[in-house]
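Report on the following structure.
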Amino acid sequence: MHMSTLTTRLAVVSMLVCLQVSASTRVNKTAEFVATDEWQVIAEGQAIPKGLHVRINLQTGLKEAKLLDPSDRDTALQPQSSDNESGSGSTNDHLSIEYKADLIEESVRKVKEQRSYAELRKAYKDFQKNFRTDAEVVVQLIEEYRNFSKAPLDIELKPKLNILENLEYMLHQIDNALVFIDSGGLDDVLLPIVVNDTNTALKVSAMRVLGALAGNNPKAQIKVFERNFGSHLAQIMMSSTNSAEISTALHAFGALLRKFPLAQHRVLSTSGTQALIGLLRSADIELRNKAKVVTLIGDLVLEKRHVLDEGKEEALAQYVLLEFESWLQSNGYCAALEAVLSKDYVHLLDQADVVEQFIDALQTTESLCKPLWSKSPTLRHALLTVRNRFAHSQDEYRLEVSQALSALCERFYDKFGHTEL
Ligand SMILES: *[C@@H]1O[C@H](CO)[C@@H](O)[C@H](O)[C@H]1NC(C)=O
Ligand SMILES: *[C@@H]1O[C@H](CO)[C@@H](O)[C@H](O)[C@H]1NC(C)=O
Ligand SMILES: *[C@@H]1O[C@H](CO)[C@@H](O)[C@H](O)[C@H]1NC(C)=O
Ligand SMILES: *[C@@H]1O[C@H](CO)[C@@H](O)[C@H](O)[C@H]1NC(C)=O
């Protein structure tokens with residue numbers, strides 16, 4: 001290696017120290033990650049929204065994410081299967097370092113401790129040896145997972161969770177998700193956990209990975225659908241009472257179904273709708289998860305309506321058999337939502353954001369349920385109680401929610417006095 005090259009590279013290595021420090025102090029770990037068109041650092045443990053491009057920055061070793069380029073988004077309503085393309089992930093992978101920043105820190109530490117050129121050169125070589133493409137890392141993680149014993153062992157739980165956590169980060173990126181699927185990850189890693197494992201933490205992590213890889217990724221959605229994950233998730237929703245498990249199952253379920261009318265048809269016409277409404281009916285499910293259920297229902301109802309409004313012929317053809325609203329009706333959605341609000345409204349009084357989610361759902365499905373809801377004195381009582389409580393708040397957000405409730409009540413119930421209750 002020429003001296004001048006080495007010097008330049010050393011400069012890079014020492015610059016890493018500064019980047020590492022400034023990046024980790026700048027990031028607020030509990031703050032919500034707001035994605036833009038630029039790469040931004042994701043703090044350790046910080047949650048990120050689905051559908052982003054995620055990478056590990058070559059220079060800093062830190063995880064970064066940004067919005068997808070418009071050209072990367074597949075806007076097709078029903079994803080098109082094209083196996084020819086799905087293998088191409090490896091051609092345009094970002095170069096990335098091993099999925100932990102530890103190695104860089106280790107190299108940098110060595111550089112600081114031992115300043116001879118020989119040591120520096122060795123540190124640089126170690127550093128370089130650990131470059132991997134994302135695709136290589138994904139494949140290696142699957143291989144590591146395959147090496148675990150088939151029987152559940154306590155000592156393997158932690159390393160398994162660790163692998164799933166790394167996969168969750170990597171598979172937000174579309175290319176990585178497709179590499180994972182092509183390398184057998186659905187069959188060898190996720191399916192056995194989601195279908196057969198009894199460990200809740202593992203199930204939750206596996207469903208997070210599933211949500212990450214299916215979110216905003218039509219090709220992945222097809223594969224997930226083909227493996228029958230829709231009914232496996234519905235099964236979990238019908239049988240679990242664990243809050244985290246239900247919440248992640250709902251998230252993965254939504255990621256699978258959104259903008260995928262074929263899957264919506266197959267899954268929601270069978271166990272899917274029943275599972276969603278079962279969650280609303282269950283006394284063991286917390287209100288926050290029920291709000292997630294009605295939000296997903298509302299989104300799916302609106303998705304079809306938007307397609308009908310736009311009137312694009314190819315899209316219409318795909319949604320025409322999808323009769324989610326009548327499946328909701330026949331599975332007792334209107335009565336189930338009425339009962340949730342009538343019974344649990346006391347718990348809504350200190351959760352304005354949850355109230356807002358319910359209001360959105362009530363509005364979206366108003367045409368479907370108004371005959372029932374407008375005749376329900378208990379629902380009326382519940383909505384007015386929450387409205388009145390929030391109307392006396394100093395908080396602007398609560399006042400807004402209160403106004404939305406007023407508008408809703410005016411539509412449902414011809415007259416109601418402002419002094420009522
Ligand atoms: C981080 O962000 C959260 C939420 O925005 C805020 O409550 C908290 O004070 C911030 N912490 C720091 C250290 O800035
Ligand atoms: C895949 O590629 C082969 C050869 O390049 C081609 O014959 C075939 O039609 C392609 N299939 C799809 C689904 O694009
Ligand atoms: C899996 O186990 C085999 C045999 O013990 C070993 O040779 C291989 O390196 C392991 N692979 C990974 C990725 O850990
Ligand atoms: C789940 O367990 C059953 C019974 O042991 C087995 O037949 C089946 O193949 C397993 N399914 C998956 C996806 O691992």
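As the structure is a prediction and not an experimental result, all values here were calculated from the model. Counting starts at 1 for both ligands and their atoms, in listed order. Along the sequence shown, residues carry numbers from 1.
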Exercise. Any idea which atoms of ligand 4 are less than 4.0 Å away from a heavy-atom of Asn196?
Worked result: 1 (C), 2 (O), 3 (C), 8 (C), 10 (C), 11 (N), 12 (C), 14 (O)
Exercise. Hey, is atom 7 (O) of ligand 4 touched by any protein heavy atom at less than 4.0 Å?
Worked result: no
Problem set entry | Aromatic ring pairing Phe412/Trp373, orientation class (parallel under 30°, perpendicular over 60°, tilted between) | tilted
Exercise. Judged by modelled atom types alone, do Glu156 and Ser149 share a side-chain donor-acceptor pair under 3.5 Å?
Worked result: yes
Problem set entry | Sub-4.0 Å atoms of ligand 4 with respect to non-hydrogen atoms of Pro192 | 14 (O)
Exercise. Do you see a protein non-hydrogen atom under 4.0 Å from atom 4 (C) of ligand 4?
Worked result: no
Exercise. So do Leu348 and Arg389 actually touch side chain to side chain, heavy atoms under 4.5 Å?
Worked result: no
Exercise. Strictly by modelled atom types, are Tyr319 and Gln264 linked by a side-chain donor-acceptor pair under 3.5 Å?
Worked result: no
